[in-house]
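For reference, the structure is listed below as structure tokens.
Values below: all heavy atoms of this structure, side chains included; hydrogens, waters and symmetry mates excluded.
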Amino acid sequence: MTAPETESLRARPASRRRPAWRTQAPVVAVVSAGGALGATVRYAFTLAWPTPPGGFPWATFWTNVTGCAVIGVFMVLITDVWAAHRLVRPFFGTGVLGGYTTFSTYAVDIQKLAEGGHPRTALAYLAVTLLAAVAAVWAASAAARALLTRRQR
């Protein structure tokens with residue numbers, strides 16, 4: 001006699017079980033497409049607003065702050081307002097906004113500033129970016145929730 005678990009697996013048609021790669025492939029595809037889009041926008045932004053040697057990296061700073069604000073609004077919308085398609089969050093949140101924001105460049109900028117003889121600018125950039133990014137997420141999500149609450153009345 002076989003165990004109940006084995007019997008239930010045999011009773012299930014093979015066509016109903018999908019390999020893991022078939023369920024994950026669309027997610028990987030939309031994250032890749034969104035990441036390419038977000039990174040392209042970020043790159044264009046840094047070309048338009050280059051950082052002089054030893055200067056404060058404003059393009060990276062504002063990219064991260066605006067990206068965090070958009071993430072705050074986006075998360076309110078997809079958790080409180082919409083029943084979003086399963087690929088919306090990976091495309092926009094992980095892909096577009098993940099490609100747009102650039103905390104790796106932020107870390108490299110800090111290192112370059114410190115090694116280039118600008119430790120005060122590096123420290124200011126480190127602290128101000130973290131504070132502004134967290135504040136942007138909080139303020140944007142709070143504003144989105146307040147706006148939604150006001151509209152529902």
Side-chain angles (χ1 to χ4, degrees), residues 14-153:
S15 63
R16 297 182 88 192
R17 284 183 281 163
R18 297 179 75 184
W21 70 268
R22 291 190 72 193
T23 58
Q24 293 302 312
V27 175
V28 171
V30 299
V31 168
S32 298
L37 179 63
T40 301
V41 172
R42 172 175 43 91
Y43 181 66
F45 198 36
T46 59
L47 288 178
W49 198 355
T51 302
F56 195 90
W58 288 108
T60 304
F61 172 81
W62 286 114
T63 297
N64 287 332
V65 172
T66 58
C68 287
V70 173
I71 287 170
V73 172
F74 177 67
M75 292 309 293
V76 169
L77 291 175
I78 66 169
T79 57
D80 296 357
V81 177
W82 311 332
H85 186 276
R86 75 179 189 95
L87 297 178
V88 170
R89 182 183 274 181
F91 172 74
F92 192 72
T94 305
V96 174
L97 293 173
Y100 176 70
T101 56
T102 175
F103 284 91
S104 58
T105 301
Y106 159 71
V108 170
D109 287 344
I110 293 167
Q111 181 182 7
K112 284 182 182 178
L113 285 166
E115 289 175 355
H118 305 281
R120 288 184 190 156
T121 305
L123 188 58
Y125 179 51
L126 182 133
V128 170
T129 299
L130 287 177
L131 293 172
V134 171
V137 171
W138 177 82
S141 61
R145 279 203 175 87
L147 183 63
L148 289 170
T149 303
R150 201 174 307 137
R151 286 185 133 203
Q152 290 175 351
R153 285 186 204 167

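- N64 contributes no side-chain N or O that, together with a main-chain N or O of T101, makes up a donor-acceptor pair within less than 3.5 Å.
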Could you list the donor-acceptor pairs under 3.5 angstrom formed by side chains in residues 27-44, with sequence neighbours left out?
residue : atom : partner : partner atom : Å
S32     : OG   : V28     : O            : 2.9
T40     : OG1  : A36     : O            : 2.7
R42     : NE   : G99     : O            : 3.0
R42     : NE   : Y100    : O            : 3.2
R42     : NH2  : G99     : O            : 3.3

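- The ring pair (Phe, Tyr, Trp, His ring centres under 6.0 Å) analysis of residues 109-153, with sequence neighbours excluded, yields the pairs F56-Y125, Y106-Y125.
- Using bins of under 30°, 30° to 60° and over 60° for the plane-to-plane angle, the ring pair W58/W49 lands in the parallel bin.
- Heavy atoms only, all atoms of each residue included: F103 and A133 are closest at CZ-CB, 4.2 Å.
- Between the CG atom of L97 and the OG1 atom of T63 there is a distance of 11.5 Å, given to the nearest 0.5 Å.
- From T149, atom OG1 reaches atom CG of D80 across 8.5 Å, with rounding to the nearest 0.5 Å.
- Atom CH2 of W62 sits about 9.0 Å away from atom CZ of F45, to the nearest 0.5 Å.
- Not counting sequence neighbours, A139 has no partner by the side chain to side chain contact (heavy atoms under 4.5 Å, CB included) test.
- Here the closest non-hydrogen pair linking G72 and S141 is O-CB, 3.6 Å.
- Side-chain atoms of T129 never come within 3.5 Å of backbone atoms of L126 as a donor-acceptor pair (strictly under, hydrogens ignored).
- Note that OG1 of T94 and CG of L87 are 11.0 Å apart. Values are rounded to the nearest 0.5 Å.
- Pairing each heavy atom of A114 with each of A122, the nearest pair is N-CB, 3.8 Å.
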